[in-house]
Amino acid sequence: MKRINVTQTYMPPLGRYEKYLKKIWKTRWLTNKGPNVQQLEEKLKEYLYVTNLRVVSNATLGLQLSLRALIGRGTVITTPFSYIASSSIIQWEGSKIVFADIKPDTLCIDPVSIEKNITKDTKAILAVHVYGNACDIEAIEAIAKKNKLKVIYDAAHSFGVTYKGESILNYGDASILSFHATKVFQTVEGGAVLSRSNEVDEKISYMRNFGHKGYEDFYGTGINAKMSEFHAAMGLCMLPDIDMLIKKRKSITELYDILLKDTILRQPIFPDYISRNYSYYPVIFKSETQLLRVMKALNDKQIFPRRYFYPALSTLKFLSNTKCPIAEDVSRKVICLPLYPELKDREVKRIVSTLISSL
Ligand SMILES: *Cc1c(COP(=O)(O)O)cnc(C)c1O
């Protein structure tokens, strides 16, 4: 039986990539703001309707750069329902993590809980648009304004998503995309930092390149977060297909929706004022026991969904000591079913029938 994983990377036509390889072989321009990186940045700005965008070697470094550029050190309020990178970078940068709980409907950070956790040491809110859903942007921005906090959105799941008709990446002080191989749009490894002010944008561009200001001068401390020409070439090869890929994800999502309609499974609510990119297909079970039973039945049939996101990061003692009952409850009961453009209808049907018969 063919193994079905939670995701499978889409590979653009090899011939398309070879054209870029031939150019690199000729010019020997492998990295350092080469033509592919420059072109990818221009094309992404156009596609995503954003003004300031800097590609980086991965989203984790992008998050680190934006924390550095915006606050340096301080206390940061974030969500425990996320991939670990969005929290661990806060600690890695010498800042303190405070977890706010999530909303049971969207599974994004709850503004009420953010407000409860603000102290005089709080410097920023790091919110995550989980599964390409949208945080309560207006509420978060109002809290930030009132308390003079910076807002960073981890938008690793949000490539191409719009919020009330505008790119969701145009909110907060900075948003970070991930182009990891498992994401909707991929450059093998990679990401981008999108910032609202030109000043922050310029800082990011220096900081990702050792702080260089020309060959012999420096702007300040930096690190190596550059994207290579090979990675940028992958992005350029993905772009012509991205609309088709999102459309395929949509039709698979709709098939899952139909087949799972009469089950007791709950799903996060995606508000109708956002356009989705169908990055994940999360389902929430009644209990962890039920989840484990279904996982086992699926695994026995070579189907491997993933527990995104488990455990809740608030339970990791090395990160923080906050309790977040809603996030902890949801993360025990949620899995993401396989979802990728090349997943076949009959595979979706097989996944669902196995799932339903083991509920
Ligand atoms: C994938 C992911 C990251 C990390 O992205 P990389 O590009 O692999 O560094 C960060 N946050 C979230 C929510 C993610 O899903």
Side-chain angles (χ1 to χ4, degrees), residues 5-9 37 40 44 53-68 76-93 97 99-100 102 106-109 124-135 151-161 168-169 172 174-194 204 208 223-228 230-232 234-235 238 249 268 276-282 305-314 316 319 327 330-331 334-336 339-340:
N5 287 322
V6 69
T7 192
Q8 183 187 72
T9 303
V37 160
L40 181 63
L44 284 173
L53 177 149
R54 304 284 178 175
V55 296
V56 285
S57 42
N58 59 63
T60 306
L61 273 163
L63 285 163
Q64 286 179 253
L65 291 178
S66 51
L67 260 193
R68 287 243 174 180
V76 180
I77 298 179
T78 192
T79 171
F81 190 69
S82 174
Y83 183 59
I84 193 166
S86 60
S87 287
S88 54
I89 56 111
I90 297 170
Q91 199 173 58
W92 195 264
E93 286 300 318
I97 303 166
F99 286 117
I102 58 169
T106 62
L107 309 187
C108 292
I109 195 164
I125 301 165
L126 199 165
V128 181
H129 299 307
V130 182
Y131 306 137
N133 206 343
C135 294
V151 180
I152 299 170
Y153 289 108
D154 179 336
H157 303 169
S158 306
F159 189 88
V161 171
I168 199 164
L169 307 165
S175 294
I176 288 80
L177 287 169
S178 171
F179 305 152
H180 182 255
T182 56
K183 306 296 205 273
V184 169
F185 173 84
Q186 61 99 8
T187 62
V188 188
E189 291 271 4
V193 179
L194 301 100
I204 299 288
R208 73 172 168 183
I223 195 161
N224 183 358
K226 298 190 299 304
M227 180 183 276
S228 84
F230 292 81
H231 293 82
M234 180 63 102
M238 286 291 290
R249 288 177 170 276
R276 294 182 55 187
N277 64 3
Y278 308 95
S279 43
Y280 297 89
Y281 197 88
R306 285 283 297 272
R307 295 186 78 175
Y308 292 149
F309 293 98
Y310 176 83
L313 302 171
S314 47
L316 299 175
L319 287 180
V330 169
S331 57
V334 64
I335 63 171
C336 285
L339 173 55
Y340 47 87

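When a ligand or atom number is given, it counts from 1 through the structure's own listing order. The first residue of the sequence shown is numbered 1, and numbering continues consecutively from there.
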Check ligand 1 against the protein and report each N/O to N/O distance under 3.5 Å, formatted as atom name, atom name, distance.
unit_1   : atom_1 : unit_2 : atom_2 : d
ligand 1 : 5 (O)  : Ser178 : OG     : 3.3
ligand 1 : 7 (O)  : Ala59  : N      : 2.9
ligand 1 : 7 (O)  : Ser178 : OG     : 2.8
ligand 1 : 9 (O)  : Ala59  : N      : 3.3
ligand 1 : 9 (O)  : Thr60  : N      : 2.9
ligand 1 : 9 (O)  : Thr60  : OG1    : 2.6
ligand 1 : 11 (N) : Asp154 : OD2    : 2.7
ligand 1 : 15 (O) : His157 : NE2    : 2.7
ligand 1 : 15 (O) : Lys183 : NZ     : 3.2

Geometric class of the Tyr308/Tyr280 ring pair [parallel <30°, tilted 30-60°, perpendicular >60°]: perpendicular
Heavy-atom closest contact (Val184 atom, Asn277 atom, distance): CG2-ND2, 4.1 Å
Qualifying residue, where the test is side-chain contact (heavy atoms from CB on, under 4.5 Å) with Leu65 and the options are Ile89, Ile223, Thr60: Ile223
Aromatic ring pairing Phe309/Phe81, orientation class (parallel under 30°, perpendicular over 60°, tilted between): perpendicular
Closest non-hydrogen atom pair, Asn133 against Thr106: ND2-O, 3.3 Å
Qualifying residue for side-chain contact (heavy atoms from CB on, under 4.5 Å) with Ser175, from Val151, Leu169, Ile152: Leu169
